Amino acid sequence: MLQRTFSIIKPDAFRKRYAGAILAEIEKAGFKIVAIKRLSISKTQAEGFYYVHKDRPFFPSLTTFMSSGPIIPMVLEKDNAIADLRKLMGATNPANAEEGTIRRKFAASIEENAIHGSDAEDTAKFEIGYFFAGYELA
Ligand code: CMP
């Protein structure tokens, strides 16, 4: 089933100039880039995006990190996009990520883990809508 997911190249990967290499991995894996942009977000905007994690101990640090520099949010499309992107990214903690995954190659720590990908249909919908207007997805 053709499906869309949402992804972010995070500030750590952007700072290290890994954005192009990560995009190449994504395209090589068969994803179509439907929408993409580069922007910086405020701490408040990061808190809104990660609201589901508001009670987790890492929430303050995560939202400071996500607002620490430019990010690249994007909408990706392919069959089974949500699960396939998560597989391509690897485990949240790069120490546990399989060989060949994006986090294994490009992530430094469980927090500064290079890339985000939606974990389900409903979160993908929320996350796409958080960063992109309908006209940007036509
Ligand atoms: P992401 O897939 O964007 O979803 C939530 C983010 O919180 C996660 O990637 C990490 O960047 C961060 N995160 C998750 N677990 C931890 C943790 N135990 N300590 C610090 N950051 C975490």
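Everything numeric in this text was worked out from a predicted model, so none of it was measured. In what follows, residues are counted from 1 in the order of the sequence shown. Every number for a ligand or one of its atoms is a count from 1 in the order of the listing.
- Residue-level contacts of ligand 1 at the 4.0 Å heavy-atom threshold are Lys10, Tyr50, His53, Phe58, Leu62, Thr92, Arg103, Ile110, Glu111, Asn113, His116.
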Practice prompt. Please assess Arg15 against Ser68 for the test side chain to side chain donor-acceptor pair (under 3.5 Å), listing each intermediate value before the final yes or no.
Written response: CA-CA 10 Å; Arg15 265 194 288 274; Ser68 69; 3.3 Å; yes

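- Crowding of Lys37 atom NZ: a count of heavy atoms from other residues, nucleotides or ligands under 6.0 Å exceeding 12.
- The aromatic rings of Phe132 and Phe6 sit perpendicular, their planes meeting at an angle over 60°, well past the 30° parallel limit.
- Annotation for Ala114 and Ala13: closest pair O-CB, 3.7 Å, computed over non-hydrogen atoms.
- Applying the side-chain hydrogen bond (donor to acceptor under 3.5 Å, both in side chains) criterion to Thr123, with sequence neighbours excluded, gives Asp119.
- Figure legend: cation-pi geometry between Lys54 and Phe59 absent, as NZ or CZ is not positioned both under 6.0 Å from the six-membered ring centre and within 45° of its axis.
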